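Not measured: the values here are computed from a predicted model.
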Amino acid sequence: MTDEKRLFRAIQSKRKEEPEITFQYLYTKYKPLVRFVVAQYIKNGFDIEDITQETFVNFFNHAERINSSIKTYLTVSAKNISFNFLKKNQKLSYVDTDAIPNLNDVSPPSDYLSNERFDELVCDMKKVLSEEDVNIILLHLVDDVKFEDIALQFNQNVKTVKSKYYRALKKYKKIKGAM
């Protein structure tokens, strides 16, 4: 019999008699693994700790119905709880990259728009988007600044800048399409 099977049987038998000892042993043994899995999706240390604890509580609440190994259950549960947390807090967004036109292949707007029309376009964007979003769009499209350089300028992560850029374009397109 493997160590994991013995541990699982001990959990089921001790759960009724000494649940705090079983929980502490399991938590100590698998906490690094669960924290690692959660940290792949969550970056805030407090949230990582909360989700790690929630994973173990979830395990003990469903210990009787678990058919897989403890390690498998904990890792899958940690991943799912992390995804649910991200969805709940709207920190996860999916962008369909096929739906976004490749705007880098097009010459910058200043080349084919009159100055008046360009100023109107910028004013329209400022009505709909935040100042930061407008600046990111203009820097990337008009000034042809790379995302890495924009991220340095705004003191943000490159992925954050890209997300803001694509979300801003999508939002502007959606609102302009509704008008």
Exercise for the section: May I ask you to test the Gln53-Tyr27 pair for a side-chain heavy-atom distance under 4.5 Å? Expected result: yes

Fill in the blank from the handout: In short, Ile42 meets Ile48 closest at the heavy-atom pair O-CD1, 3.4 Å

Exercise for the section: Evaluate the side-chain proximity of Ile137 to Leu129: yes if any heavy-atom separation is below 4.5 Å, no if none is. Expected result: yes

Problem - Heavy-atom check, side chain of Gln156 versus side chain of Glu132, under 4.5 Å - result: yes

Practice task
Check whether any side-chain heavy atom of Tyr73 lies under 4.5 Å from a side-chain heavy atom of Asn58, and answer yes or no.
Solution key: yes

Practice task
Kindly indicate, with the supporting measurements, whether the criterion side-chain contact (heavy atoms from CB on, under 4.5 Å) is fulfilled by Leu139 and Phe154.
Solution key: CA-CA 11 Å; Leu139 282 170; Phe154 285 96; 3.8 Å; yes

Practice task
Answer yes when Lys162 and Glu148 have at least one side-chain N-carboxylate O distance shorter than 4.0 Å, and no when they do not.
Solution key: no

Practice task
Could you pull out all residues at least two apart from Asn80 that satisfy side-chain contact (heavy atoms from CB on, under 4.5 Å)?
Solution key: Val76

Exercise for the section: Would you mind reporting whether Tyr30 and Thr55 have side-chain heavy atoms less than 4.5 Å apart? Expected result: no

Practice task
Carefully, step by step, assess His140 and Lys146 under the rule side-chain contact (heavy atoms from CB on, under 4.5 Å).
Solution key: CA-CA 6 Å; His140 187 68; Lys146 294 180 181 180; 5.9 Å; no

Exercise for the section: For the pair Asp124 and Tyr172, evaluate side-chain contact (heavy atoms from CB on, under 4.5 Å) and give the outcome as yes or no after the intermediate values. Expected result: CA-CA 9 Å; Asp124 282 346; Tyr172 182 72; 3.7 Å; yes

Problem - Parallel, tilted or perpendicular, as decided by the 30° and 60° cut-offs, for the rings of Tyr166 and Phe147 - result: tilted

Completion exercise
Between Ala151 and Val161, the two heavy atoms sitting closest are CA-CG2, 3.6 Å

